[in-house]
Asks: 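Here's a structure for you.
Lettering follows sequence order; numbering is per chain, from 1. Just so it is clear, the values below take in all heavy atoms, side chains as well, and ignore hydrogens, waters and symmetry mates.
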Amino acid sequence: MCPCLRAPKRRSPYSSVDSERYSSLVKSVMSTRVSSQTPETLQAEDEHVFGPVVKAQAPSSRPERRAPRTLHPFLNCGDVLETEEPESGPPTRILLNRGQGRSSVPSVTRILQQTQSPEQIFYLERWKRRMILELGEEGFREYNQNLFRQGKYFHSVLEELLESGETWKNKDPSETHKYPPEVQGYMESISHILEDVSAVRAIESTVKHDSLNYLGVADCVARFRGVLCVIDWKTSEKPKPFLSNTYDNPVQVAAYAGALNNDGNYKYQVENGLIVVAYKDGSPGHAHQLNAELMLENWNSWLLRLEKFTEQRLGDASSTFPEKRQEV
DNA sequence: GGATCCTTCTTCTTCTTC
């Protein structure tokens, strides 16, 4: 139909609606859309929410760079071929060397946390405010603690399983039922993905980039459908069917892989990454594989974040140092 | 023995039509 014929119809689509008659319907529809919040709570929320917006948008006056100043190779073009490395031995587990003046070597998590975009900070703050309104300060703290506890438990069970070479499906039910229902759900959720994981080479192992000077602990290095990957296990409350639902996780995985590729302790190279998302209700988890191209893209994002972190650090040092001198 | 470290998670939304 010609748009010019439709135009008059559009002008007042609700003018003929008996609004009195449908008022309860409209109310019920609207109430499900905006949840149980009242104008009072919304207003209170806005006071909190709109405060940080100004703060959050301020840095955008200085546009963010898209390419890192210094490019650094993701793969170490040495002469080591990963296929020469035996795959049959037990997985590597390089423990984090605690307390050796390591504060000078920042971690992947710390760098990602401290270099979030203004948008990220804004949405996280807004989410936090909303949760506190709903659960209260104490309730929110408990909610978070519970999420962390579940995540840690899930990781430890997975670690044990991979170390032993067992599969969740073949485990004796009397054993699997020992675990809390959420953990059983998470494991159920990813059991079909675990079938494609083989040749586990590292579990919860520290990776440190020799020249870029950062470190992290990679969850797992193994083959996924035959391709060697750095794997990151995640638990999630919400479904994450697309890679874009995983926020900074791809950058995190690329950072670990880049570190591993430039860490003398590992004699092989990793080109791909994998993010595995598990759900506690046992519904099928999602596996997001990052091919070489995606890894390079995220490696560049990582280099940018690393540069931003270093700049902030230098900025902090130059701004706090004079004060300290004045104190002396 | 206490302190610190790396992780563990959390975000993406709004307008209107057969």
Side-chain angles (χ1 to χ4, degrees), chain A residues 1 3 5-17 26 29-30 32-35 37 42 45 49 52-53 56 93-114 116-135 139-159 182-183 186 203-208 214-220 231-253 255-256 259 275-280:
Chain A
M1 188 193 284
L5 292 174
R6 247 196 249 151
K9 263 190 182 175
R10 241 193 245 155
R11 215 175 288 148
S12 51
Y14 301 112
S15 59
S16 59
V17 173
V26 170
V29 169
M30 291 307 285
T32 58
R33 281 184 60 191
V34 297
S35 80
Q37 284 177 317
L42 275 172
E45 185 184 342
V49 170
V53 177
R93 188 194 286 260
I94 300 174
L95 295 176
L96 187 66
N97 218 349
R98 289 160 200 263
Q100 277 189 353
R102 266 181 37 263
S103 58
S104 60
V105 184
S107 72
V108 171
T109 307
R110 197 169 122 206
I111 294 166
L112 288 177
Q113 260 173 1
Q114 295 188 11
Q116 288 177 327
S117 70
E119 288 75 19
Q120 250 182 315
I121 296 169
F122 166 72
Y123 285 117
L124 282 167
E125 275 300 312
R126 190 178 68 160
W127 168 79
K128 193 176 157 189
R129 287 285 166 207
R130 286 180 172 176
M131 291 299 279
I132 290 173
L133 278 174
E134 202 177 310
L135 306 173
F140 178 64
R141 215 161 48 86
E142 273 175 32
Y143 169 82
N144 261 342
Q145 278 177 347
N146 198 35
L147 280 186
F148 282 173
R149 199 169 36 237
Q150 283 178 12
K152 281 179 181 174
Y153 205 155
F154 166 66
H155 272 79
S156 66
V157 173
L158 205 42
E159 242 176 79
E182 314 90 66
V183 174
Y186 286 132
I203 297 174
E204 289 287 328
S205 201
T206 304
V207 290
K208 182 177 171 295
Y214 70 85
L215 58 76
V217 178
D219 280 351
C220 183
I231 307 177
D232 211 46
W233 316 106
K234 300 284 177 193
T235 59
S236 179
E237 297 279 284
K238 281 187 184 176
K240 290 179 177 164
F242 306 109
L243 184 66
S244 59
N245 299 131
T246 64
Y247 301 98
D248 278 344
N249 295 347
V251 185
Q252 185 188 11
V253 167
Y256 291 152
I275 297 160
V276 177
V277 189
Y279 307 110
K280 69 175 160 201

Asks: I want to check one thing: is the phosphate of dT8(B), taken as OP1 and OP2, less than 4.0 Å away from some side-chain N or O of K234(A)?
Replies: yes
Asks: Hey, can you pull the donor-acceptor pairs under 3.5 Å for the side chains in residues 144-154 of chain A, sequence neighbours left out?
Replies:
unit_1, atom_1, unit_2, atom_2, d
N146(A), OD1, R149(A), NH2, 3.1
Q150(A), OE1, Y186(A), OH, 2.9

Asks: For a quick check of understanding: with a heavy-atom distance under 4.0 Å over all strands, which category does E237(A) fall into, base, sugar-phosphate or nothing?
Replies: sugar-phosphate
Asks: Can you check the D248(A) CG to dT11(B) P distance for me, whole Å?
Replies: 13 Å
Asks: For E142(A), what residues pass the side-chain contact (heavy atoms from CB on, under 4.5 Å) criterion, not counting sequence neighbours?
Replies: E138(A)
Asks: Looking for any heavy atom pair under 4.0 Å, which part of the strands does N245(A) touch: base, sugar-phosphate only, or nothing?
Replies: base
Asks: For F140(A), what residues pass the ring pair (Phe, Tyr, Trp, His ring centres under 6.0 Å) criterion, not counting sequence neighbours?
Replies: W127(A)
Asks: Is the distance from OP1 or OP2 of dC6(B) to the nearest side-chain N or O of K152(A) less than 4.0 Å?
Replies: no
Asks: Can you measure Q120(A) atom CD to dT10(B) atom P for me and round it to whole angstrom units?
Replies: 13 Å
Asks: Verify the contact: side-chain N or O of Y214(A) to OP1 or OP2 of dC6(B), cut-off strictly under 4.0 Å; return yes or no.
Replies: no
Asks: Might you point out which heavy atoms bring Y256(A) and V207(A) nearest each other, and give the distance in Å?
Replies: O-CG2, 3.9 Å
Asks: On DNA chain B, compare the nucleotides closest to V108(A) and Y123(A); which residue's is nearer the 5' end?
Replies: V108(A)
Asks: Expressed as a whole number of angstroms, how long is the span from R110(A):CZ to dT8(B):P?
Replies: 16 Å
Asks: Please determine whether a side-chain nitrogen or oxygen atom of T109(A) lies at a distance below 4.0 Å from atom OP1 or OP2 of dT7(B).
Replies: yes
Asks: Find the distance L124(A):CG to dT11(B):C1' and express it as a whole number of Å.
Replies: 5 Å
Asks: Is T235(A) close enough to dT8(B) that one of its side-chain N or O atoms is under 4.0 Å from OP1 or OP2 there?
Replies: no
Asks: At under 4.0 Å between heavy atoms, what does S244(A) touch on the DNA or RNA strands: base, sugar-phosphate, or nothing?
Replies: base
Asks: List the residues meeting side-chain hydrogen bond (donor to acceptor under 3.5 Å, both in side chains) with Y279(A), not counting sequence neighbours, and say none if there are none.
Replies: H286(A)
Asks: Rounded to the nearest angstrom, tell me the gap between atom CG in N249(A) and atom P in dT7(B).
Replies: 13 Å
Asks: Is Y256(A) touching bases, backbone alone, or none of the nucleic acid, heavy atoms closer than 4.0 Å?
Replies: sugar-phosphate
Asks: Round to a whole Å and report the spacing from CD1 of I94(A) to P of dC6(B).
Replies: 16 Å
Asks: Would you compute the distance between atom NE2 of H155(A) and atom CG of D219(A) and round it to the nearest 0.5 angstrom?
Replies: 3.5 Å
Asks: Rounded to whole angstrom units, what separation is found between the NZ atom of K208(A) and the C1' atom of dC5(B)?
Replies: 15 Å
Asks: Counting N and O atoms only, with roles assigned by atom type, does the side chain of S117(A) sit under 3.5 Å from a partner on the main chain of Q120(A), one being a donor and the other an acceptor?
Replies: yes
Asks: Between P on dT8(B) and CG on L158(A), what's the gap in Å once rounded to a whole number?
Replies: 12 Å
Asks: Under 4.0 Å from OP1 or OP2 of dC9(B): is there any side-chain N or O of K128(A) that close?
Replies: no
Asks: Which of the following nucleotides, dC9(B), dC6(B), dT10(B), is nearest to the side chain of H155(A)?
Replies: dC9(B)
Asks: Whether Q252(A) contacts dT8(B) is assessed here as follows: a side-chain N or O lying under 4.0 Å from the phosphate OP1 or OP2. Is that the case?
Replies: yes
Asks: With sequence neighbours left out, what residues match S205(A) under side-chain hydrogen bond (donor to acceptor under 3.5 Å, both in side chains)?
Replies: Y266(A)
Asks: Enumerate the residues from residues 141-151 of chain A whose closest heavy atom to DNA chain B is under 4.0 Å, giving them by residue number; use none for an empty result.
Replies: L147(A), F148(A), G151(A)
